[in-house]
There are 2 protein chains.
Amino acid sequence: MKVRSVDIGQMASASEVIFEALREAIVKGDLTEGEALRQDRIARMFNVSRIPVREALTRLEEQGLVSTQRYRGAVVTTLSTEEVSEIFEYRALLEPEMLKASVPRMTDEALRRARQIAAAFASEPDSVHWGELNRDFHYALYEAANRPYFLQAINAALDRVDRYSRIQLVMTDGMERARREHEAILAACEARDATRAAELTREHIRGAGRSLVDFLVRSRAERDGTASRASA
Amino acid sequence: MKVRSVDIGQMASASEVIFEALREAIVKGDLTEGEALRQDRIARMFNVSRIPVREALTRLEEQGLVSTQRYRGAVVTTLSTEEVSEIFEYRALLEPEMLKASVPRMTDEALRRARQIAAAFASEPDSVHWGELNRDFHYALYEAANRPYFLQAINAALDRVDRYSRIQLVMTDGMERARREHEAILAACEARDATRAAELTREHIRGAGRSLVDFLVRSRAERDGTASRASA
DNA sequence: ATATTGCAAATTGGATCCAAAAAACAGATG
DNA sequence: CATCTGTTTTTTGGATCCAATTTGCAATAT
C-alpha cells in the first residue's frame, strides 16, 4: 500500500526561519527602531552561519523593515512622521477599495468569522494579541475580494507601521475607539452596504493615522527635549 | 589643504550590479517569462562567486520579478492575466491620486521637463526607448507630490507589468493612443486642473490595462492552441 | 583639553568548499 | 512499450575562510 507522506509543508530553510523570526520581532516592536542587527550575533542565536542571516536581512531590507549601509550593517528602520503619515494615506486609499470589492462576495461563513474576531477584541482588552487580532479581522474582511496583490501591498504597509500603532494603542484610548469602529464596519458589511463599509474604513484609517502621527510628534518632541537637556 | 574626496557615489557592490542588471533584463523583457536563472551561469557571466548572485536573486524574488523553489532555482515570474489585470487596477487607484497631489505643486520647470519628454515620444515612434520615456514622463508628473512610498509602490507595479506592456505596444496601436492620452494629461496639468488630470490618468491606465489583458488572453489562447496541436 | 594620527578589533562582502536535494539517465521488469 | 529503480550529474543551501572596510582607542601634537 502506498502511504502518502504527510510532509505537505516542506521543512523551512534556515534563512526562512530567521527571516520570519526577525520580521515578527520588528513588527511587534521587540526590536526597537535604530537597533543594530549584527550578522554574527544573529547567526549564533540560531546556530547557523552568517549566510542565511544575510539572506534574511536582504529580504527585510527589500521590505523596508531594516535599512543597511555597506560595511556598516543593518538597523531596524526608523520612520519619520511624514513616512508614517504617507503610509496611512496609502492604506486609506487601498483598504476601502479592497473592502468595496469584498463585501458583495463575502460568504456568511466569512462574516461569522469576522464577528468572532470582533468579539475577541471585546473580551481581550489587553494589547498582547491586539495586533494579531487586528490583522485577522481585516484579513477576514478582505479575503473575499480575491486580490492577492492588493492584499500583499496592504500587509506590507501594515508591517511597516504596526509597531508604532501598538505603542499608540496602549498609550491612548485608541483601543476602545478601534473596537467601536470595527464594530461599525462589520455591521455595514453584514448589511451588505459596501459603500458605507468602505467609507467607514477610510475614516477609521484616517483617524488612526492622524492620532498616531499626533502621538509620535508629541512623544518625539518630548524625547528630543529631554535628550538635549540631558546632553546639555 | 583638505581635498574632499570625490567618491560621492560609492563603488557599487557586486550584488548590487547583478541585481540591477537582472532587474533591467527582466523588466525590458530580455529575459522571458519562465526562463530559468542558474546561479552558476550568472556568476560566471559577472566573474563573481554565487554568493552575490544569490543575494540579487533574493531581492528579485522579494520584488516579485522571479519566483524560486527550494533546491530548484529561480525562474522569471509569469503573470496570469488575472494578476496583470489586478496590477492595472492597483495602478489605476494609486496614480490618479498621486497626480492629484502633484499638480498643485508642480513647478513650471517640472512641466517643461514633462513636455520635453512628451515631445520625445512623438519624435521617436520606435519602441526601443519607449518604456524608458514612459517612466520618465510619469516620474516628471508625480515627482512634485513628494510621496516616496507611493512612488516606490507605483514603480514596483510598473516593473512587474512593463515587459507585457512593451509587447502589446508594438503589436497594436497602443503607442499612438498612449501618446495622445499623455498629451491630454499633460495639458490638464498645465491648466492646473488636477481633477481632470487624475480622471484622464485613471482612464488612461484602465484602457491600457483592458487592451493589454485582451491582447494577452488572445495571444496565450493562440499559443496554447498551437502548442496542443503540436503536442498532439 | 581637544583634535589628529596610527594601529587593533570588530564587522561586513565575497570566495571557496561541502552536504543535501533534485533532475537526468541507464538498466531492469512488468 | 511504459514504468520502476538505482546511480550519476547538476544545482542549490549552507559552512568556513579570507579580504576589504569601518570603528574604537591609544598615543601624540597643538
Side-chain angles (χ1 to χ4, degrees), chain A residues 1-23 26 31 34-63 65-77 231-232, chain B residues 1-23 26 31 34-63 65-77 231-232:
Chain A
M1 181 167 61
K2 190 100 167 227
V3 177
R4 262 221 173 294
S5 51
V6 205
D7 61 358
I8 305 296
Q10 282 227 6
M11 166 83 173
S13 70
S15 72
E16 184 75 21
V17 171
I18 295 165
F19 169 73
E20 290 296 344
L22 290 179
R23 179 184 159 282
I26 293 170
L31 292 169
E35 189 164 347
L37 302 174
R38 300 275 159 235
Q39 297 176 3
D40 193 49
R41 203 173 101 78
I42 298 167
R44 270 201 295 272
M45 279 168 56
F46 289 89
N47 272 316
V48 295
S49 78
R50 279 166 44 226
I51 297 284
V53 175
R54 279 161 61 176
E55 182 171 332
L57 290 175
T58 300
R59 292 178 63 186
L60 290 169
E61 158 137 62
E62 211 60 34
Q63 299 207 346
L65 295 179
V66 312
S67 66
T68 63
Q69 280 186 297
R70 194 137 127 95
Y71 290 114
R72 305 179 85 224
V75 299
V76 179
T77 303
S231 70
Chain B
M1 182 170 64
K2 190 103 168 226
V3 177
R4 259 220 175 295
S5 52
V6 205
D7 62 356
I8 304 295
Q10 283 225 8
M11 166 82 173
S13 70
S15 72
E16 184 75 22
V17 171
I18 295 166
F19 170 71
E20 289 297 342
L22 289 180
R23 180 183 158 282
I26 293 171
L31 292 168
E35 189 164 346
L37 301 174
R38 299 272 158 240
Q39 297 175 4
D40 194 49
R41 202 174 100 78
I42 297 167
R44 270 201 296 272
M45 280 169 54
F46 288 89
N47 273 315
V48 294
S49 78
R50 281 166 41 228
I51 298 283
V53 175
R54 279 161 61 176
E55 182 171 332
L57 290 175
T58 299
R59 293 179 61 185
L60 290 169
E61 158 138 61
E62 212 58 35
Q63 299 208 345
L65 295 179
V66 313
S67 65
T68 63
Q69 280 185 299
R70 192 151 195 240
Y71 291 115
R72 302 174 97 231
V75 298
V76 178
T77 303
S231 69

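Lettering follows sequence order; numbering is per chain, from 1. All values derive from a computational prediction rather than experimental measurement.
When rounded to the nearest whole Å, the span between CD of Glu55(B) and C1' of dA15(C) equals 15 Å. With rounding to whole Å, Arg72(A) atom CZ is found 12 Å from dT12(C) atom P. Separating the CZ atom of Arg41(A) from the P atom of dT12(C) is a distance of 12 Å, rounded to the nearest angstrom. For the pair Phe19(A) CZ and dG13(D) P, the interatomic distance rounds to 16 Å; values are reported in whole Å. Remark: P of dA19(D) and CZ of Arg70(A) are 17 Å apart, rounded to the nearest angstrom. For Gln39(B) and dC18(C), the CD to P distance is 18 Å, given to the nearest whole Å. Going from atom CD of Glu16(B) over to atom C1' of dG14(C) covers 15 Å, rounded to whole Å. Distance CZ (Arg44(B)) to C1' (dT16(C)): 15 Å, rounded to an integer number of Å.
Using a 4.0 Å heavy-atom cutoff across all strands shown, Thr68(A) reaches no nucleic acid atom at all.
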request  = Applying side-chain contact (heavy atoms from CB on, under 4.5 Å), run through Ile51(B) and Ile51(A) and close with a yes or a no.
outcome  = CA-CA 9 Å; Ile51(B) 298 283; Ile51(A) 297 284; 3.7 Å; yes

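The Ser49(A) side chain lies nearest to dA15(D) when the options are dG13(D), dA15(C), dA15(D). Taking the side chain of Pro52(A) as heavy atoms from C-beta on, and the options dG14(C), dG14(D), dA20(C), the nearest nucleotide is dG14(D).
Side-chain N/O atoms of Arg54(B) and base N/O atoms of dG14(C) include no donor-acceptor pair closer than 3.5 Å. Counting atom types as modelled, Arg50(A) pairs a side-chain N or O with a base atom of dG13(C) as donor and acceptor under 3.5 Å.
In this structure, the separation between CG on Leu60(A) and OG1 on Thr68(A) is 10.5 Å, given to the nearest 0.5 Å.
Where Asp40(B) and Ile51(B) meet DNA chain D, the nucleotide closest to each residue was compared, and Asp40(B) sits on the side nearer the 5' end.
Look at Arg38(A) and you'll find a side-chain N or O under 4.0 angstrom from OP1 or OP2 of dT12(C).
Listed by chain and number, the residues in a side chain to side chain donor-acceptor pair (under 3.5 Å) with Arg59(A) are Glu16(A), Glu62(B) (sequence neighbours excluded). The side-chain contact (heavy atoms from CB on, under 4.5 Å) check on Arg72(B) picks up Gln69(B), with sequence neighbours excluded.
Partner of Pro52(A) under the side chain to side chain contact (heavy atoms under 4.5 Å, CB included) criterion, chosen from Ile42(A), Leu57(A), Ile18(A): Ile18(A).
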